[in-house]
Amino acid sequence: MRRLGDSVDWSRERFTMDDGLSRAVQTIFKRLYDDDLIYRADRIINWCPRCLTALSDIEVDHSDDEGELVYIRYGDGEHSVVVATTRAETMLGDTAVAVHPDDDRYQHLVGTTVELPLTSRSIPVVADEHVDPSFGTGAVKVTPAHDPNDFEIGRRHDLPGLSIMDERGVITAPGPFQGLDRFEARPAVVAALREEGRIVKEVRPYVHAVGHCSRCGTTVEPRQSLQWFVRVAPLARAAGDAVRDGRVRLSPPEMNARYFGWVDDMHDWCISRQLWWGHRIPVFYGPNGQVRCIGPDETPPQGWTQDPDVLDTWFSSALWPFSTLGWPDDTADLRAFYPTSVLVTGYDILFFWVARMMMFGLYAMRDRKPADAVPFRAVALHGLVRDAYGKKMSKSRGNTVDPLDWIDRFGADATRFTLARGSNPGSDTAISEDWAAGSRNFCNKLWNATRFALLNGAVLAPGGRPPGDPPHGGLRAPHASLATADRWILSRLSSVIAEVDRLLEQYEFGKACEALYHFAWDEFCDWYVELAKVPLSSGDARAAGTTRRVLGFVLDQMLRLLHPVMPFVTDELWCALTGEDSVMVAAWPAYEFSDPAAEADVASLMRLVTELRRFRSDQGLRPGQRVPARLAGIGSTPLSAHEESIRALLRLVPPGDGFAVSAALAVEGVTVELDLAGTVDVEAERKRLEKDLAAARREAEQASAKLGSVSFTQKAPSEVVAKTRQRLAVAEADVARLEGRLASLA
RNA sequence: GGGCGCAUAGCUCAGCGGUAGAGCACUCGCCUUACAAGCGAGGGGUCACAAGUUCGAACCUUGUUGCGCCCA
């Protein structure tokens, strides 16, 4: 972060295990406990037999794995039922068989008992609506101590839970399987059942979803145990409401659906972990079975013992927006900075972290007015960084990027700009060395542009004021001494400032970068700088002076705009340009100026120049070769003031003695007559004209087809119709001109 | 199994009712005095498929196919 130039207040670095944060954890735990929002209960939880700890729902990763589906017959003859299972060993803990109440196949069994194989037990058959009659045989084994759904069925039917496995996944049920690991017990149980002729069918491999510990990958084992929970219903509702009523804005808004889907249907949060690392649960047990939650300023009675479990790390992380500001004390920081303005984070932890910060923030600050209780007013969710082909980066794939390596090779600015440029809200970012190289090239471009400006005496008005007058306040109307090109670039600058402002406001960093990139490279460097060379070398001191001021001003503003995404180069260049201390403390651009006429004129100039360049290129003329030319009719066009610029950009020299027109092009109302010393490549020119003619004809056809439709002219908005008419007129004129030119070539 | 999203140029992505765009890659020509990590020009797309709505659809609706993500 430091090397990327992140401007953060390092003095506020915090760790969730710091004293202050621990105090916040204890405080909120006690409040929740006293409000009956934290409870301890015997529940089925996700258990990792390797980490030996409970896991919350979101710490379990599901994947489709190959397993087996085994059909087992319970009971005999009339009194038998076949159940299907992927975890055969759990049958040792079955305490019922369940069927759907409307399932005719099993009506006669409901209320009776069947014999459970391999044990000497008989278990009841119960009817439960949650059984899916279409899955397997429609009858399911019920293992309340080892399956969450079965646990619920057990609760509804008052079935006992029979625990047959210890915390390491080793069978504890007395008998031949005792002491076997769950994965050893599974085939052993199946073999024993087969021996007894109870296996009806075996499907192998059977692909089904299996939960894995997100920390170590071990297959999760549902386990009934005593754990601590947060009763989330009221907290989650408040967290959902804050987004629903607009107090917190998610960006992009498409994330709302996901967020609501989560908070509106959240299971109670299992917060106890059987790990040695973390905040310990502040609950103490007395010698006579007393239980008491101890607050941060209390001391537990002598001889009491603390609960051995620790809290889920997301519990303390959920307090981050206020625990870092000194809460529970009413500190100046808390008053000044809570609610925070915007949380920038990846969408992958919207649930882990964002939803929980919302719940705890709203709960902890519930004494404030609702608008100020939220932990942040906006959440800007960005995507994940992926490789050049959009694939997830992973060590095993070997497609990871070390940012420090890129910083060494391409520079911090290029690395940072690449990341910012690829950032579109809510979607992932593909990055590659090609992009980083492109960003580095852009840094070089800025460097060279600034070099050019300084070499040519670019200057800034005192205080970085814009060129032209009046010098202060309001919409500035540049002085009449400004050239069209100057007014054009200033007008464009103003538009870009407004656009970048708008985009940054919406966290559209990629689009903001793109806008700046094109302005800086295509408009400023490729056109303005080239146009500026004319007055700078003209010997007209006044014109040169104006150009120097505009050059300086635009560069100054541009570097300020680029500074957030390219901090180092822009600071270096800006200081060199302005002689000030740092662009970091310079004001954000707010320049406003609009000159549509200048924009139109320069657009016309660009079209003319581009067309002539195309001609030169097609004719195989070297870029540096000077060609005598006459710009006939330019006097009556808006380009009349720009003949010198046009000549400079196109290397056209005035016609001398013996000037002989060998080619003439009509563009933008000007007929450019060129003397190519008689060496016109007729074939190339014919090809060029034929291509243009085909395009013009296609254009004319499209437009006239539209206009020929009565429903179009009647129903389409009049401005669209007018525009189409104009398109047709232009296209037809082009067709006529090109046909004429082609005829004259023959 | 449920929900959400995406299919646009070789690659990565913008555009989201009115003439298909960018960066990179590619082709050609250039040491044109800020920049060869550059300059100029160019080629390349029935906007996944099929119906529908509309004067008009890459864009709206429905379905199909293929991918991705989240949750069971």
Side-chain angles (χ1 to χ4, degrees), chain A residues 57-58 60 62 132 134-135 148-149 208-209 211 254-262 265 347-348 350-351 383-384 386-392 410 414 418 421-422 424 426-456 508 510-511 513-515 517-518 521-522 525-526 529-530 532-533 537 609-626 648-651 688 691 695 698-699 702-703 705-707 709-717 719-721 723-724 726-728 730-731:
Chain A
D57 287 351
I58 51 181
V60 177
H62 293 271
D132 176 5
S134 64
F135 178 78
N149 294 320
H208 63 126
E254 295 89 76
M255 288 294 173
N256 284 356
R258 269 199 201 184
Y259 177 78
F260 293 139
W262 176 260
D265 185 27
Y347 63 74
D348 54 325
L350 181 60
F351 306 147
L384 278 31
R386 290 172 175 268
D387 76 3
Y389 302 101
K391 297 272 181 256
K392 213 168 194 163
F410 302 108
T418 301
R421 189 192 195 181
N424 286 111
S427 42
D428 293 343
T429 305
I431 57 165
S432 71
E433 295 199 359
D434 283 347
W435 282 84
S439 300
R440 174 206 54 197
N441 295 352
F442 183 47
C443 294
N444 284 350
K445 194 71 182 173
L446 292 173
W447 180 275
N448 282 314
T450 308
R451 202 164 83 94
F452 171 85
L454 291 173
L455 246 35
N456 285 282
E508 293 275 10
K511 292 189 180 75
C513 287
E514 214 56 24
Y517 181 93
H518 283 119
W521 200 315
D522 300 347
C525 291
D526 286 352
V529 165
E530 293 307 318
K533 287 174 182 173
S537 60
V609 170
T610 302
E611 184 59 20
L612 264 293
R613 278 174 178 165
R614 191 162 79 100
F615 174 80
R616 289 188 59 128
S617 184
D618 287 346
Q619 284 294 316
L621 295 175
R622 283 182 294 100
Q625 185 179 326
R626 314 215 164 239
L649 290 168
L650 290 167
R651 325 266 151 198
R688 195 175 78 88
K691 195 184 133 199
R698 213 178 313 122
E699 173 78 2
Q702 279 178 3
K706 274 197 163 186
L707 291 164
S709 156
V710 180
S711 50
F712 173 74
T713 48
Q714 283 180 347
K715 295 188 181 172
E719 63 268 25
V720 174
V721 177
K723 213 171 146 189
T724 309
Q726 197 179 352
R727 267 179 60 194
L728 179 62
V730 170

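All figures in this text were calculated on a predicted structure; none of them were measured in a lab. Letters A, B, ... are given to chains in the order of the sequence lines, protein chains preceding strands, and every chain is numbered from 1.
Annotation: B/A57 and B/G18 have their P atoms spaced 12 Å apart (nearest Å). Between the P atoms of B/A20 and B/G45, the separation comes to 14 Å (whole Å). Across the P atoms, B/U53 and B/U61 are found 15 Å apart, a figure rounded to whole Å. On the C1' atoms, B/G52 is 16 Å away from B/G17, given to the nearest whole Å. Distance noted for atom P between B/C11 and B/A48: 14 Å (whole Å). Between the P atoms of B/A7 and B/A25, the separation comes to 25 Å (whole Å). Nucleotides B/C13 and B/C47 have their C1' atoms positioned 13 Å apart, rounded to a whole Å. Using atom P as the reference point in both B/U8 and B/C71, the two lie 27 Å apart (nearest Å).
Rounded to a whole Å, the CZ atom of A/Phe351 is 10 Å from the P atom of B/C70. Taking atom CD of A/Gln714 as the reference point, atom C1' of B/U54 lies 15 Å away to the nearest angstrom. One interatomic measurement links the two molecules: CZ of A/Phe615 to C1' of B/G40, which rounds to 15 Å at whole-angstrom precision. With rounding to whole Å, A/Glu611 atom CD is found 11 Å from B/A41 atom C1'. Going from atom CZ of A/Arg622 over to atom P of B/G40 covers 18 Å, rounded to whole Å. Atom CH2 in A/Trp262 sits about 10 Å away from atom C1' in B/C70, given to the nearest Å.
For A/Asp387, the salt bridge (Lys or Arg N to Asp or Glu O under 4.0 Å) criterion is met by no residue, not counting sequence neighbours. Residues passing the side-chain contact (heavy atoms from CB on, under 4.5 Å) test with A/Glu508, sequence neighbours excluded: A/Asn424, A/Pro425, A/Leu503, A/Gln506, A/Lys511. In this structure, the salt bridge (Lys or Arg N to Asp or Glu O under 4.0 Å) partners of A/Glu611, at least two apart in sequence or on a different chain, are A/Arg614, A/Arg688. With sequence neighbours excluded, no residue forms a salt bridge (Lys or Arg N to Asp or Glu O under 4.0 Å) with A/Lys723. Qualifying side-chain contact (heavy atoms from CB on, under 4.5 Å) partners for A/Pro148, counting only residues two or more places apart in sequence or in other chains: A/Ile44, A/Pro222. Applying the salt bridge (Lys or Arg N to Asp or Glu O under 4.0 Å) criterion to A/Arg727, with sequence neighbours excluded, gives A/Glu699. Contacts of A/Val720 classified as side-chain contact (heavy atoms from CB on, under 4.5 Å), with partners at least two apart in sequence or in another chain: A/Phe712, A/Pro717, A/Thr724.
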Report task. Can you check each nucleotide of nucleotides 42-48 of chain B against protein heavy atoms at under 4.0 Å and return B for base, S for sugar-phosphate only, - for none, in 5' to 3' order? Result -> SS-----
Report task. Going 5' to 3' through nucleotides 13-28 of chain B, assign each nucleotide B (protein heavy atom under 4.0 Å from a base atom), S (under 4.0 Å only from sugar-phosphate atoms) or - (no protein heavy atom that close). Result -> -SS--BB--SSS----
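Closest non-hydrogen pair, A/Lys533 versus A/Ser537, comes out as O-OG, 2.7 Å. Residues A/Leu650 and A/Val609 come closest through the heavy atom pair CD2-O, 3.5 Å. Closest of all the heavy-atom pairs between A/Ala436 and A/Phe410 is CB-CD1, 3.6 Å.
Under the 3.5 Å distance criterion, the side-chain polar atoms of A/Arg616 are matched with a main-chain donor or acceptor of A/Arg622.
At most 12 non-hydrogen atoms from other residues, nucleotides or ligands lie less than 6.0 angstrom from CD of A/Gln726.
Residues in residues 439-449 of chain A take part in these side chain to side chain donor-acceptor pair (under 3.5 Å) pairs, two or more places apart or across chains: A/Thr418-A/Ser439.
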Report summary line: Output field dot_bracket for RNA chain B (Watson-Crick or G-U, both distances under 3.5 Å, | for other-strand pairs) contains ((((((((.[[[[.)..(..]]]].(((((.......))))).....[[[[[..)....]]]]]))))))).
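Taking CG of A/Asp428 as the start and NZ of A/Lys392 as the end, the distance is 8.5 Å to the nearest 0.5 Å.
Note: A/Tyr517 and A/Phe442 have tilted aromatic rings, judged against thresholds of 30 and 60 degrees for the angle between ring planes.
Map A/Val60 and A/Glu254 each onto its nearest nucleotide of RNA chain B; the residue landing nearer the 5' end is A/Glu254.
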Dump the pairs, protein N or O against N or O of nucleotides 32-34 of chain B, anything under 3.5 Å, distances to one decimal.
unit_1 : atom_1 : unit_2   : atom_2 : d
B/U32  : O2'    : A/Arg651 : NH1    : 3.0
B/A34  : OP1    : A/Lys533 : NZ     : 3.0
B/A34  : O3'    : A/Arg451 : NH2    : 3.3
B/A34  : O2'    : A/Asn448 : OD1    : 3.3
B/A34  : O2'    : A/Arg451 : NE     : 3.3
B/A34  : O2'    : A/Arg451 : NH2    : 3.1
B/A34  : N6     : A/Cys525 : O      : 3.1
B/A34  : N6     : A/Glu530 : OE2    : 3.4
B/A34  : N3     : A/Asn448 : O      : 3.2
B/A34  : N3     : A/Ala449 : N      : 3.3

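With hydrogens and angles ignored, no donor-acceptor pair closer than 3.5 Å exists between the side chain of A/Arg613 and the base of B/A41.
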